[in-house]
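Heads up: the structure comes next, in structure tokens.
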Amino acid sequence: MASEHRTFTNPEQSGYVGFANLPNQVHRKSVKKGFEFTLMVVGESGLGKSTLVNSLFLTDLYPERCIPGAAEKIDKTVSIDASTVEIEERGVKLRLTVVDTPGYGDAINNIDCFQPIIRYIDDQFERYLQDESGLNRRNIVDNRVHCCFYFISPTGHGLKPLDVEFMKALHHKVNVVPVIAKSDTLTRKEVMKLKAKIVSEIEKHGISTYRIPDCDSDEDEDFKEQNRQLKDGMPFAVCGSSQLIEVRGRKVRGRLYPWGVVEVENPDHCDFIKLRSMLITHMQDLQEVTQDVHYENFRSEKLARSGGSKPFKPKLKREDSHDQMSEKDKILLEKEAELKRMQEMLAKMQQQMKQQGGEVTSHKI
Ligand code: GDP
């Protein structure tokens with residue numbers, strides 16, 4: 001298993017990813033320091049992972065990539081290839097690490113192909129845990145995997161057994177975001193059908209994928225609408241391209257076919273923009289869920305193993321403060337309603353006694 005870190009700066013300065021808006025989400029200190037984010041991409045080879053990542057971050061993350069032939073693939077196990085790129089937009093720095101998993105699903109028997117991936121995720125948690133308990137706590141580099149794009153083939157009839165097993169094995173360790181690859185190979189109707197099938201299978205198998213958080217009630221209507229569309233659009237059906245093509249006088253990122261151009265950033269053609277908005281808008285939330293749910297799972301599991309305490313049961317999502325609030329509110333509302341009923345009863349009794357000529361006085365107890 002090879003693990004390699006390379007660092008690039010963004011060569012394609014003309015494009016715009018959109019993370020310059022990140023300071024709206026976090027404290028100024030983080031703006032000065034820059035953001036650290038790790039994205040993992042998993043899926044069978046040839047599904048367009050590298051192309052999509054390059055399209056997302058307008059950079060070439062794999063300049064020296066060499067693709068093994070079928071004979072080499074037979075003996076090869078899954079390797080882990082981490083590339084770090086520093087992108088700067090309007091003075092905001094993002095240190096992005098993309099972890100690729102070449103060889104995933106390539107073997108004849110894929111039973112253990114996600115073990116190296118689990119090991120990598122756990123190793124990053126372990127490193128963070130040690131750094132956190134060390135002396136240099138202020139300068140910890142956070143290499144934990146914050147999000148995992150899981151690529152689903154557009155040609156199947158839903159999830160394959162390997163997809164189900166992978167997501168079940170990983171959903172308590174990382175924020176899994178399933179995406180339908182190469183969606184330009186499907187008609188709009190086929191995309192809708194495949195999305196519905198995947199959603200129902202995810203539910204049937206009890207898989208917990210990343211859940212976009214609800215908006216606060218005081219958020220503006222446009223943002224609420226955007227959030228609703230993101231939630232309804234999952235799993236996103238995406239396509240990528242490394243080519244710029246001229247369409248009606250505009251240079252667009254697209255795929256040129258004899259019958260026309262598929263524009264990657266056109267929301268009528270695919271969900272690429274939605275995927276990117278989700279990643280940028282909820283980058284901080286993805287980091288928080290990693291810290292509060294997945295890292296906590298790792299620590300609890302470690303404690304349970306070393307201390308022989310209660311058997312470990314992983315959390316699949318964070319305790320939702322919205323749910324807790326509404327539960328509290330519900331109890332308060334019930335109490336208020338009960339009080340009102342009692343006051344009304346008392347008023348009625350007073351009225352009746354008055355009519356009968358008696359006098360009632362109420363006492364504070
Ligand atoms: P990876 O092995 O998953 O990283 O896949 P690559 O990004 O190397 O892409 C494999 C092949 O699929 C290449 O020939 C790409 O040009 C092509 N490809 C990449 N993205 C798309 C896409 O969105 N749609 C279609 N139709 N082909 C794509």
Side-chain angles (χ1 to χ4, degrees), residues 2 4 6 8 12 15 39-74 76-83 85 96-107 110 113-114 116-117 147-156 159-160 162-163 166 176-188 190-191 194-195 198 233 235-245 247 252-276 279:
E4 180 196 344
R6 294 176 308 219
F8 308 101
E12 202 174 328
L39 171 72
M40 180 178 253
V41 287
V42 183
E44 285 168 44
S45 63
L47 282 182
K49 299 182 296 294
S50 325
T51 311
L52 189 90
V53 164
N54 286 339
S55 312
L56 268 178
F57 299 104
L58 306 173
T59 186
D60 185 8
L61 269 143
Y62 312 101
E64 292 144 25
R65 184 179 179 213
C66 73
I67 296 164
E72 289 166 81
K73 280 182 186 170
I74 289 177
K76 258 188 106 183
T77 49
V78 175
S79 54
I80 305 288
D81 181 3
S83 311
V85 60
L96 170 81
T97 301
V98 177
V99 182
D100 197 0
T101 52
Y104 176 85
D106 275 354
N110 284 302
C113 81
F114 36 81
I117 300 176
C147 182
C148 170
F149 284 172
Y150 188 81
F151 284 66
I152 297 164
S153 166
T155 56
L159 297 178
K160 293 181 183 176
L162 181 62
D163 302 335
F166 176 86
V176 178
V177 173
V179 296
I180 299 171
K182 296 187 174 182
S183 71
D184 57 315
T185 58
L186 299 169
T187 64
R188 193 174 285 188
E190 286 164 344
V191 167
L194 185 56
K195 278 190 181 188
I198 292 171
F236 300 126
V238 292
C239 59
S241 166
S242 47
Q243 249 190 314
L244 286 174
I245 302 167
V247 177
V252 299
R253 193 165 278 269
R255 307 187 62 80
L256 178 64
Y257 291 108
W259 50 88
V261 175
V262 177
E263 296 171 34
V264 170
E265 298 188 32
N266 184 335
D268 288 334
H269 292 191
C270 78
D271 294 334
F272 176 88
I273 289 287
K274 280 197 180 127
L275 180 69
R276 192 163 70 187
L279 190 65

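Residues: numbered from 1 along the sequence shown. Counting starts at 1 for both ligands and their atoms, following the listed order.
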Exercise. N/O to N/O below 3.5 Å, does that happen between Thr185 and ligand 1?
Worked result: no
Exercise. Between Ser183 and ligand 1, is there a nitrogen or oxygen pair with a distance under 3.5 Å?
Worked result: no
Problem set entry | Any residue meeting salt bridge (charged side-chain N to carboxylate O under 4.0 Å, His left out) with Glu263, in chain and number order, not counting sequence neighbours | Arg248, Arg250
For this session: Indicate, as side chain, backbone, both or neither, the part of Thr51 found under 4.0 angstrom from ligand 1 when only non-hydrogen atoms are considered.
Result: both
Exercise. Less than 4.5 Å apart, any side-chain heavy atom of Ser153 and any of Glu44?
Worked result: no
Exercise. Residues in salt bridge (charged side-chain N to carboxylate O under 4.0 Å, His left out) with Lys182, at least two apart?
Worked result: none
Exercise. With only distance considered, is Cys239 within less than 3.5 Å of ligand 1 through an N or O on each side?
Worked result: no
Problem set entry | Side chain to side chain, Phe114 and Thr101, heavy atoms closer than 4.5 Å | no
Exercise. So, is Gly240 polar-close to ligand 1, with some N/O to N/O distance under 3.5 Å?
Worked result: yes
Problem set entry | Proximity of Tyr257 to ligand 1 by residue part, where a heavy atom lies under 4.0 Å | side chain
For this session: Would you mind listing which atoms of ligand 1 come within a distance below 4.0 Å of any non-hydrogen atom of Ser50?
Result: 1 (P), 4 (O), 7 (O)
Exercise. Taking the side chain as C-beta and beyond, is there a heavy-atom pair between Ile80 and Val99 under 4.5 Å?
Worked result: yes
Exercise. Angle class for the Phe166/Tyr150 ring planes (parallel below 30°, perpendicular above 60°, tilted otherwise)?
Worked result: parallel
